[in-house]
Amino acid sequence: MLKRLLSLVCGICLLWSIAGCARKNGQGGLQSTESLPAEKSVREGIRTVLAVSLKAFEPNESGGFRNESQADMLMLMVIDEGRRQTTAVQINPDTMVSFSPSGTTEARQIPLGEVYSYGSGGSDSCLQQLKAVSKLLGGVKIDHYMIFSQGAIGVVSDEMGGITVTMSEDFGKAHPEFTPGEQVRLTGGQTDAFFAFRAPEDASNQLHMARQQQFMTALYLPLMEKIRQQEDFLPKLTMKLGDQLSTDLTLSQMVQLMETMESCKLDKTITVLPEDPEEMAPLLEKLFY
């Protein structure tokens, strides 16, 4: 059963991410984080899971209002039971959104990835991030979340014996060991550097996001092969991840979601959500309505 549950999460995140245990959630004094009502009804059979990678994981143990973590990657998995299709939608954490911190009525414009920092770093921050993504999508309900620290990426890569990628850009003095055009098998700290590095000139964040896509795509098939070949691979990996991953999916929900996804075709082309509302509208129409 544990293997089946963990296999599910790999499929959801194209990591892709591994789950099975949730860290202890803190509580903060935030306002309700329920998704906003959609302007029109979403198609029957649509289910959504938001996967978030944090730049750092620094929860406020005292339950305070702010923490030092921000989202570095946001990936929404859209599972369409009616059409038997699963689509990954990557959302730029730099996207500006209107946000009202708890205890205030005045909205402020902040990057979407910064929303997570308004809370204790526990379930309040997770749900606040969901609310912001839901609002960005016009009120589409986000059913579940899986939020993991950046270090979790390196753990998975090391357990795979490294992940091979092509250096598509110049990392400069920050990482002179990386040569543009060179193929590298990432292990240890190199994995975190490749996944998280962002050059100052990458103002749009597009190069950074493309690198994350490349890593996840390169990881997916070898990871699934490991799962098939080694019965105890995922349970052992879960133990190593420890509290670096948080999810609100219950065991029964994981089982149900797994069964649904096994019957769906996985679109391995990651879709990037346009930031222009006019360009975003046709994609949302296709995915949800």
Side-chain angles (χ1 to χ4, degrees), residues 10-17 35 38 42-43 46-55 70-80 83 85-99 109-116 129-148 150 153 163 165-169 194-221 261 264-289:
C10 293
I12 293 175
C13 295
L14 295 181
L15 280 164
W16 297 12
S17 21
S35 299
V42 172
R43 278 199 320 274
I46 298 293
R47 304 174 74 177
T48 52
V49 181
L50 181 67
V52 179
S53 170
L54 302 176
K55 291 182 180 179
Q70 294 186 23
D72 185 58
M73 183 200 73
L74 298 111
M75 192 78 68
L76 181 69
M77 300 305 297
V78 182
I79 304 155
D80 189 334
R83 298 180 180 179
Q85 182 76 30
T86 299
T87 304
V89 180
Q90 188 174 20
I91 306 172
N92 191 341
D94 286 357
T95 303
M96 299 302 292
V97 296
S98 178
F99 176 74
Q109 293 292 313
I110 66 172
L112 178 62
E114 190 177 316
V115 170
Y116 185 88
Q129 189 73 73
L130 259 65
K131 179 182 178 182
V133 172
S134 173
K135 185 176 181 181
L136 177 67
L137 300 179
V140 171
K141 183 176 183 292
I142 311 300
D143 296 312
H144 298 288
Y145 64 80
M146 290 186 294
I147 297 182
F148 48 94
Q150 196 172 89
I153 304 296
I163 299 298
V165 297
T166 300
M167 296 299 161
S168 57
E169 60 186 290
F194 179 84
F195 197 83
F197 174 77
R198 179 173 175 180
E201 59 269 22
D202 186 14
S204 67
N205 200 33
Q206 296 305 308
L207 295 177
H208 183 202
M209 292 171 62
R211 203 178 326 108
Q212 291 172 336
Q213 292 178 32
Q214 181 192 172
F215 179 87
M216 292 182 177
T217 302
L219 172 63
Y220 179 68
L221 291 178
M261 291 193 65
C264 292
K265 178 182 178 182
L266 178 64
D267 186 351
K268 295 179 183 176
T269 300
I270 299 173
T271 300
V272 177
L273 183 73
E275 295 184 44
D276 186 312
E278 292 186 4
E279 295 179 9
M280 187 190 303
L283 175 61
L284 298 183
E285 187 72 28
K286 176 182 178 182
L287 288 174
F288 300 112
Y289 304 108

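Index from 1, following the sequence.
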Fill in the blank from the handout: Rounded to the nearest 0.5 Å, the CD1 atom of I270 sits from the CD atom of Q212 at a distance of 9.5 Å

Handout entry: Enclosure of E278 CD (heavy-atom neighbours >12, cutoff 6.0 Å)
Key = no

Problem - Contact summary for L76 and L137, nearest pair of heavy atoms - result: CD2-CD1, 3.6 Å

Exercise for the section: Examine distances only and state if a side-chain atom of D202 and a backbone atom of Q206 form a donor-acceptor pair shorter than 3.5 Å. Expected result: yes

Handout entry: Donor-acceptor under 3.5 Å (R83 side chain, L287 main chain)
Key = no

Problem - Donor-acceptor under 3.5 Å (T217 side chain, Q214 main chain) - result: no

Problem - Within-4.5 Å side-chain heavy-atom neighbours: Y145 and V49 - result: no

Handout entry: From CA spacing to verdict: side-chain contact (heavy atoms from CB on, under 4.5 Å), L273, M280
Key = CA-CA 7 Å; L273 183 73; M280 187 190 303; 3.6 Å; yes

Practice task
Give a yes or no on whether a salt bridge exists between D143 and K141, defined as a side-chain N under 4.0 angstrom from a carboxylate O.
Solution key: yes

Practice task
Before accepting this row, confirm whether a basic side-chain N of the pair D94/R198 lies closer than 4.0 Å to the acidic partner's carboxylate O.
Solution key: yes

Completion exercise
Value for CE (M209) from CG (L74), rounded to nearest 0.5 Å, stands at 9.0 Å

Handout entry: Minimum side-chain heavy-atom gap V78-Q85 below 4.5 Å
Key = no

Handout entry: Minimal non-hydrogen separation, Q129 against L112, with atom names
Key = NE2-O, 3.1 Å

Problem - Interatomic distance, M73 atom CE to F148 atom CZ [nearest 0.5 angstrom] - result: 4.0 Å

Practice task
Using atom types as modelled and distance alone, determine if a side-chain donor or acceptor of H208 lies under 3.5 Å from a backbone N or O of F195.
Solution key: yes

Fill in the blank from the handout: Rounded to the nearest 0.5 Å, the OG1 atom of T271 sits from the CD atom of Q90 at a distance of 10.0 Å

Exercise for the section: Flag the pair M96 / E275 as yes when at least one side-chain heavy-atom distance between them is below 4.5 Å, and no otherwise. Expected result: no

Problem - Flag side-chain contact, heavy atom, 4.5 Å: I46 against I79 - result: no

Exercise for the section: Report the C-alpha distance between K135 and F99 in whole Å, list the side-chain angles of each, state the deciding distance to 0.1 Å, and finish with yes or no for side-chain contact (heavy atoms from CB on, under 4.5 Å). Expected result: CA-CA 10 Å; K135 185 176 181 181; F99 176 74; over 6 Å; no

Fill in the blank from the handout: d(Y116 OH, L130 CG) to nearest 0.5 Å is 11.5 Å

Exercise for the section: Looking only at non-hydrogen atoms, find the nearest pair between A71 and P93 and report the distance. Expected result: O-CB, 3.6 Å

Handout entry: Contact summary for N92 and S204, nearest pair of heavy atoms
Key = ND2-O, 2.9 Å

Handout entry: Axial cation check for F194 ring with R211, 6.0 Å and 45° limits
Key = yes

Practice task
Can you measure from CZ (F288) to CG (D80) and round to the nearest 0.5 angstrom?
Solution key: 9.5 Å

Problem - I142 vs K131 side-chain heavy atoms within contact, under 4.5 Å - result: no

Problem - Nearest atoms (heavy-atom pairs only) where T86 meets C264 - result: OG1-CB, 3.6 Å

Exercise for the section: Please answer whether the main-chain N or O of Y289 pairs with a side-chain N or O of R43 as donor and acceptor at a distance below 3.5 Å. Expected result: yes

Problem - Test item: P282 and E285 side chains (from C-beta on) under 4.5 Å apart, heavy atoms - result: no

Practice task
State, with a plain yes or no, whether a side-chain heavy atom of V140 is found less than 4.5 Å away from one of L284.
Solution key: no

